[in-house]
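Contents: one structure, followed by commentary.
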Amino acid sequence: AQSVTQPDIHITVSEGASLELRCNYSYGATPYLFWYVQSPGQGLQLLLKYFSGDTLVQGIKGFEAEFKRSQSSFNLRKPSVHWSDAAEYFCAVGFRDNYGQNFVFGPGTRLSVLP
Amino acid sequence: EAQVTQNPRYLITVTGKKLTVTCSQNMNHEYMSWYRQDPGLGLRQIYYSMNVEVTDKGDVPEGYKVSRKEKRNFPLILESPSPNQTSLYFCASRDRSWSSGANVLTFGAGSRLTVL
C-alpha cells in the first residue's frame with residue numbers, strides 16, 4: 001500500500017537559517033508528489049508539486065523540493081527561513097487505485113522559527 | 001472565487017447526537033474527499049467520491065457516512081458521534097483530470113468538532 005513518512009515530527013530553526021524537511025514515500029509506480037502547508041488555524045495550501053520532468057521544482061514563498069527516485073524522497077528546502085514560515089508541513093503522494101486517483105498524506109512536520 | 005466551503009467551522013456536541021458537516025465546492029470538481037486531522041497522525045482519509053453517486057471508503061470510515069447526490073456537495077454525517085471522533089475535519093476537491101495542471105487538491109478551511 002502507498003505510504004508517506006515524514007521522519008521529523010517537530011523542527012526548530014532560527015530565522016534566516018536554511019531549512020530541509022524530509023519526506024519519503026512508498027509507491028510502486030511514478031508518484032505525483034506534493035507539499036502542503038498549514039498555518040495555525042488555517043486550511044491547507046499547496047506549496048509545490050511534482051508530476052514529471054525536472055526533478056527540482058520551485059514553489060511559492062521561496063520553497064523548493066527535489067524528487068530523488070533512487071531514495072524515494074521528496075525533501076522540501078528553503079535557503080532562508082522567515083518567522084512567517086512557522087507552520088505544519090505535509091507531504092503527500094497522488095496515486096492511481098482501482099477507482100481512479102487518490103492521495104495519501106504524511107503525518108506532518110511542525111516547524112517553529114526562533115527570532 | 002474558487003473555493004471549498006465547510007460548515008460549521010466549530011461545533012461542540014454530545015455523544016449520540018446526530019450531526020452533519022456540509023461541504024460545497026464551486027469549481028465543478030468531480031472528486032471530493034473528507035479527511036480528519038489528529039496530532040501526530042496527519043490527515044487520514046475518511047471517505048472520497050469520484051463522481052455523483054460514487055463514493056468509497058478511505059482509511060478511517062468507521063462511524064461516518066457520506067452522500068454525493070449532486071456534484072457540488074459532499075456532506076459528512078456522524079449518525080451517533082462518540083468522543084473519539086473529536087477532531088479537525090477537512091473537505092477537499094479536485095478536478096477529475098489527472099493532468100499535471102488539474103491534479104491538485106483544494107481544501108476547505110476545516111471544521112473543528114468536539115464530542116463530549
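Each chain gets a letter, A, B and so on, in the order its sequence line appears, and its residues count up from 1. Values in this document were obtained by computation on a predicted structure and should not be read as measured data.
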A/L46 versus chain B, heavy atoms under 4.5 Å apart: side chain, backbone, both or neither?
side chain
Please indicate whether B/I77 has more than 12 foreign heavy atoms, meaning atoms of other residues, nucleotides or ligands, lying under 6.0 Å from its CD1.
yes
Side chain of B/Y35, backbone of A/F105: donor and acceptor closer than 3.5 Å?
no
Measure A/Y50 against the heavy atoms of chain B and call it side chain, backbone, both or neither at under 4.5 Å.
neither
Please flag which part of A/Q45 lies under 4.5 Å from any non-hydrogen atom of chain B: side chain, backbone, both or neither.
neither
State the CZ-CG distance between B/F90 and A/L44, to the nearest 0.5 angstrom.
5.5 Å
Bottom line for B/Q6: the part with an atom under 4.5 Å from chain A's heavy atoms is neither
Mind running side chain to side chain contact (heavy atoms under 4.5 Å, CB included) on A/Y32 and B/V104 for me, showing each step along the way?
CA-CA 10 Å; A/Y32 297 121; B/V104 173; over 6 Å; no
Heavy-atom count check: over 12 atoms from other residues, nucleotides or ligands less than 6.0 Å from A/I9 CD1?
no
So, for B/G40 and A/P107, which heavy atoms are closest and what is the spacing to 0.1 Å?
O-CB, 3.7 Å
With only heavy atoms counted, which part of A/Q38 is less than 4.5 Å from chain B, the side chain, the backbone, both or neither?
side chain
Go through it in stages, so that I can follow the logic: the residues are A/Y36 and B/L105, the test is side chain to side chain contact (heavy atoms under 4.5 Å, CB included), and I'd like the CA-CA distance, side-chain angles, deciding distance and then a yes or no.
CA-CA 10 Å; A/Y36 284 84; B/L105 284 171; 3.3 Å; yes
Walk me through whether A/F103 and B/R94 qualify under side chain to side chain contact (heavy atoms under 4.5 Å, CB included).
CA-CA 11 Å; A/F103 300 82; B/R94 69 161 179 81; 3.3 Å; yes
What part of B/L43 is in contact with chain A, defined as an atom under 4.5 angstrom from a non-hydrogen atom: side chain, backbone, both or neither?
both
